[in-house]
Amino acid sequence: MSAPQFKKPVRKAVFPVAGLGTRFLPATKAIPKELLPVVDRPLIQYAVDEAREAGIEEFVFVTGRGKTAIVEHFDTAYELEATMTARGKSLDPLEPTRIQPGNLVTVRQQVPLGLGHAVWCARAVIGDEPFAIFLPDELMYGSPGCMAQMVEAYNEVGGNLVSVLEVPMEEVSSYGVIAPGECRGALTEVKGLVEKPKVAEAPSNKIVSGRYILQPEVMDLLANQGKGAGGEIQLTDSMAKLIGVQPFHAVTFQGQRFDCGSKVGFVEATLAIALDRADMGEDVRKIASRLLG
Ligand code: UTP
């Protein structure tokens, strides 16, 4: 099933950033979780960079109360730039924060009713085009990036795609899990999807990990989607209804994934990326060895 109508180019991406970030309190009381920096870039910046690399042109942020600073991060900061220029400082570090005027759109999710509801809030901007979704608290680290790998697979099979990774079976209950069908390289056919299953009922240990390419029909399904696991409107439940109706595959990301929604995952990301950085890796390695020693 890879009919041409499910292969329109993916130009738009939704970034749901309206969640409360309760696992990171008190840090996230006044600062959105998506602006917490891993080394010197906020989480949202990693996601936007990954999107740009994959050819995304339009960035749709689903924001809520207290999240305005995320949008401001992508504004031009005249005073800052003028002062830096007057002092002869390079503006290069600001380059990734530039988004073509008109290509950043925000929509509001007034109440955080769940990921599915957040995505549905972007329906008017998405219209009848396929779109990508990025959960910025999942930091996907690799080259090519996760979405670029997914777009490559999309160009082949079209339809709907999720990125997956394997976790120990006892961890599956915190995630969306796929029932895998036929496997070919990094591509796996998706036969079923279930959100936060009990270990005994989980169809596999392949969890959905924060990146999606979906066809616009999912918006109609979300409109009628009731509450699911955890009392939230779950994206997984509407995606599951597309299986068997449209092509649906999973892509196993060739790279590292850090769960920056959790404190330990956040520390892991910071350490791994700092160690990998040409400008500081060696110094950080020395410090880490000393601390461990
Ligand atoms: P999470 O469940 O990881 O984020 O949702 P959270 O709810 O902010 O975090 P905790 O559990 O309270 O610590 C994944 C992504 O979906 C967004 C979040 O902002 C995050 O980027 N989200 C979640 C919404 O935009 N709206 C929602 O109603 C729920």
Side-chain angles (χ1 to χ4, degrees), residues 13-38 41-51 59-71 73-74 104-123 125-126 131-140 146-147 162-165 167 171-177 193 195-196 207-212 214 218-219 222-223 225-239 257-269:
V14 176
F15 300 78
V17 293
L20 299 177
T22 53
R23 283 171 291 168
F24 259 99
L25 285 169
T28 47
K29 188 177 171 202
I31 298 168
K33 172 171 72 174
E34 297 79 9
L35 285 184
L36 295 179
V38 171
R41 274 171 195 237
L43 285 171
I44 188 71
Q45 184 73 63
Y46 287 93
V48 164
D49 291 348
E50 184 191 328
F59 304 81
V60 187
F61 289 5
V62 182
T63 67
R65 270 169 63 79
K67 297 284 184 157
T68 319
I70 300 175
V71 184
H73 174 76
F74 294 96
L104 193 161
V105 180
T106 62
V107 296
R108 297 295 265 193
Q109 185 192 28
Q110 285 85 352
V111 184
L113 296 176
L115 178 60
H117 182 259
V119 170
W120 177 76
C121 289
R123 66 198 178 282
V125 187
I126 295 305
F131 61 104
I133 304 172
F134 291 76
L135 306 191
D137 53 358
E138 302 227 12
L139 202 165
M140 309 301 262
C146 183
M147 189 50 71
V162 290
S163 80
V164 289
L165 58 99
V167 297
E171 288 175 22
V172 292
S173 303
S174 310
Y175 302 98
V177 179
L193 271 168
E195 186 63 36
K196 301 187 176 58
I207 62 154
V208 178
S209 61
R211 300 292 181 272
Y212 312 74
L214 298 178
V218 77
M219 293 296 191
L222 282 168
Q225 184 65 59
K227 289 179 181 170
E232 297 197 335
I233 298 174
Q234 297 288 354
L235 178 61
T236 305
D237 296 341
S238 285
M239 288 194 306
R257 170 263 192 181
F258 303 108
D259 177 9
C260 291
S262 86
K263 288 175 227 185
V264 172
F266 190 89
V267 172
E268 184 191 5

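When a ligand or atom number is given, it counts from 1 through the structure's own listing order.
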Heavy-atom proximity to atom 20 (C) of ligand 1, best of Gly210, Gly116, Pro16 =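 It is Pro16 that holds the nearest heavy atom.
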
task = May I ask which of Asp137, Ile233, Leu20, Leu115 has a heavy atom nearer to atom 14 (C) of ligand 1 than the others do?
result =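 The option holding the nearest heavy atom is Asp137.
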
[atom] [closest protein heavy-atom partner, distance rounded to 0.1 Å]:
atom: atom 22 (N) of ligand 1; result: Gly19 N, 3.7 Å
atom: atom 8 (O) of ligand 1; result: Gly21 N, 2.8 Å
atom: atom 13 (O) of ligand 1; result: Arg23 N, 2.8 Å

Distance (rounded to the nearest 0.5 Å) between [X] [atom1] and [Y] [atom2]:
X: Leu20; Y: Arg65; atom1: CG; atom2: CZ; result: 11.0 Å
X: Cys146; Y: Arg211; atom1: SG; atom2: CZ; result: 6.0 Å
X: Cys260; Y: Leu135; atom1: SG; atom2: CG; result: 12.0 Å

Can you tell which part of [X] has a heavy atom less than 4.0 Å from ligand 1: side chain, backbone, both or neither?
X: Glu232; answer: neither
X: Pro112; answer: both
X: Thr22; answer: both

Plane angle bin for Phe134 and Phe15 - parallel if under 30°, tilted between 30 and 60°, otherwise perpendicular =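 Because their plane-to-plane angle is under 30°, the rings of Phe15 and Phe134 count as parallel.
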
Quick one: does [X] get a heavy atom under 4.0 Å from ligand 1?
X: His117; answer: no
X: Gly261; answer: no
X: Glu138; answer: no

task = Kindly state whether the ring of Tyr212 and the ring of Phe131 have centres lying under 6.0 angstrom apart.
result =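 Judged by ring-centre distance (under 6.0 Å), Tyr212 and Phe131 do not meet the cut-off.
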
message = Could you go through Arg108 and Thr63, starting from their C-alpha distance and side-chain angles, then the distance that decides it, and tell me whether this counts as side-chain hydrogen bond (donor to acceptor under 3.5 Å, both in side chains)?
response = CA-CA 5 Å; Arg108 297 295 265 193; Thr63 67; 3.0 Å; yes

message = What verdict does the salt bridge (charged side-chain N to carboxylate O under 4.0 Å, His left out) test give for Arg257 and Glu138, after you've listed the backbone C-alpha separation in whole Å, the side-chain angles of each residue and the deciding distance to 0.1 Å?
response = CA-CA 7 Å; Arg257 170 263 192 181; Glu138 302 227 12; 2.8 Å; yes

